[in-house]
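Below, chain A is the first sequence line, B the second, and so on; all start at residue 1.
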There are 2 protein chains.
Amino acid sequence: MAILTWAAMEKEPRVRGEQTQKLREALEEDIASGRLRPGRRLDEVSLAERFGVSRTPVRETLIQLAASGLVEIRPRRGAFVVLLGPRELMESFELMAEVEASCARLAAQRMGPSDRAALHEAHGACRAAVGAGDEAAYYAANARFHGAIYAGTGNRMLCAEAQRLQRSLQPYRRLQLRVPRRMEASFAEHEGVLEALVAGDGATAAERLRAHVVVQGERFMALLAVLQDETDAVAQAGYQAG
Amino acid sequence: MAILTWAAMEKEPRVRGEQTQKLREALEEDIASGRLRPGRRLDEVSLAERFGVSRTPVRETLIQLAASGLVEIRPRRGAFVVLLGPRELMESFELMAEVEASCARLAAQRMGPSDRAALHEAHGACRAAVGAGDEAAYYAANARFHGAIYAGTGNRMLCAEAQRLQRSLQPYRRLQLRVPRRMEASFAEHEGVLEALVAGDGATAAERLRAHVVVQGERFMALLAVLQDETDAVAQAGYQAG
DNA sequence: AAACCTATTATTGCATACATGATTATTGAC
DNA sequence: GTCAATAATCATGTATGCAATAATAGGTTT
């Protein structure tokens, strides 16, 4: 007793939660969707009132979010939605590119029929979104496309890591909507990745997916000035969530 | 106001802590050193008494450790030192291999003189440890060797991720001491990695470091039966820490 | 004797209360 | 009028108390 066998470990959330679970999902959604923008302070009492709970589960949720990289907690200062600086953004995109390249290499060797089906489905949805010019649909389908590659590795640890990184960069991807012909370029790159994946060419798939993410990062960094302006504007407006 | 500028974000711990900081370090050390073995249950009141604090900071620390992958929290059941099963161990080693390979590739291109000096220093310490047959010294020097490669990437996000993974696998590395001629083999592999790194050959360095980690993982998986026996014994003995 | 059901115990999850440090506002001086 | 120092306010960090659930022990039944 007092021992947990690994056989019993077949459930994902390594983290406690009853109330906390809901709080975490709600805040993650708020951050990803942009309702809570990077840099926004997260007041414990306000969040507690908003969700109708005490400060305790709020604090525990904030700690979880801090550990997953979405929130930053400064001792005695409070919690803030993580605001990545230029350097940290570049580093995060590079890390993302490396992880995704690894996923592509492994997925090319290991994807099963259902993985391939999911990948093609997501790719088709991307194509449809490009045709319709539907940014929101492309955004969702793009996430499925990348997620299918993660899952195709068969490595749940790697998959979880890739998803965590994707979530932490999600608040910034919104700004990519401003890049002209973004969807078309992204879709074309996806096609190259898909081709290499279905051919089982791991090296090529990895290189193409790495380049895809790196290029996205470079496009994004070009918009950094705009980002700065926006957060400044947010600061001045004293943005309120909910 | 209510906005955190990224200029102010030049401090590492994204996590709160006064008491919590000490608790986290102490528990990390206990887990890494093997005083708290994988599968061990972590009772909140016992920990609170042991550290002379209330349950609150203990809970917050456990949540942090859960998020970093060292502890697993099962709702209403308590916290346990993560006990990775065979599949999870394989996946973790693979993830580690991928991340380290990325580090090697980037470090080969970017390492500065101080990074190279640190790498050579660690390698020299490894050589000395092999000569002296000092397992503990090799263990420490090996960690410095890998850490120097992480740092050599100049990417703090990647570096932090690699270190987090290393910590989460640390409880299991102890068992590698049983592999015969482990130090000699490891050191020989290090030498190949170092050679490629100083030559600036990122592709070769990445491949060699990946192989190094993968081989370590394979050696390790061969000991899994022993691991299982040991944890079973621990379970029966009702291992007490401290 | 073994298995199942029940009652007790113990531990987690959450709420509330208090203390300390940070932030802000006010007041005074230059 | 601006800057600085001090006091008041507020938020965080920690402790404690209560409720609900899971683990456990005991008794009963087959």
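- Side-chain nitrogen and oxygen atoms of B/R74 include none within less than 4.0 Å of the OP1 or OP2 phosphate oxygen of C/dT11.
- Atom CD1 of B/I63 and atom P of D/dT14 are 13 Å apart (whole Å).
- Partner of B/P38 under the side-chain contact (heavy atoms from CB on, under 4.5 Å) criterion, out of B/I31, B/L83, B/L70: B/L83 alone.
- Remark: B/R55 is not in phosphate contact with C/dT11, judged by side-chain N or O atoms under 4.0 Å from OP1 or OP2.
- Note: A/F93 and A/F220 have tilted aromatic rings, judged against thresholds of 30 and 60 degrees for the angle between ring planes.
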ask   = Going through the checks in order, is the side-chain hydrogen bond (donor to acceptor under 3.5 Å, both in side chains) test met by A/E100 and A/H146?
value = CA-CA 8 Å; A/E100 293 227 11; A/H146 287 266; 2.7 Å; yes
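- If you measure from atom CG of A/L62 to atom P of D/dA11, you get 15 Å, rounded to the nearest angstrom.
- Here the C1' atom of nucleotide C/dC14 and the CD atom of B/E60 are 13 Å apart, to the nearest Å.
- Of the residues near DNA chain C, B/V45 and A/S54, the one whose nearest nucleotide (by heavy atom distance) lies more toward the 5' end is B/V45.
- When the C1' atom of C/dA15 is taken as reference, atom CG of A/L23 falls 14 Å away, rounded to whole Å.
- Both B/T56 and B/L42 lie near DNA chain C, and the one whose nearest nucleotide falls closer to the 5' end is B/L42.
- Following rounding to the nearest Å, A/L47 (CG) and D/dT12 (P) show an atom-to-atom distance of 9 Å.
- As rounded to whole Å, 9 Å separates atom P of C/dT12 from atom CZ of B/F80.
- Sorted by first then second residue, the salt bridge (Lys or Arg N to Asp or Glu O under 4.0 Å) pairs that include residues 135-151 of chain A, not counting sequence neighbours, are A/E121-A/R144, A/E135-A/R182.
- For B/S46, no side-chain nitrogen or oxygen approaches OP1 or OP2 of C/dT11 to under 4.0 Å.
- The separation between A/R77 atom CZ and D/dC10 atom P is 19 Å, rounded to whole Å.
- Taking only distance into account, the side chain of A/R76 meets the base of C/dT20 through a donor-acceptor pair shorter than 3.5 Å.
- Smallest separation of non-hydrogen atoms from A/L27 and A/T61: CD1-CG2, 4.0 Å.
- In the set C/dC14, D/dA15, D/dT12, the nucleotide with an atom closest to the side chain of A/R59 is D/dT12.
- The separation between A/E44 atom CD and C/dA17 atom C1' is 15 Å, rounded to whole Å.
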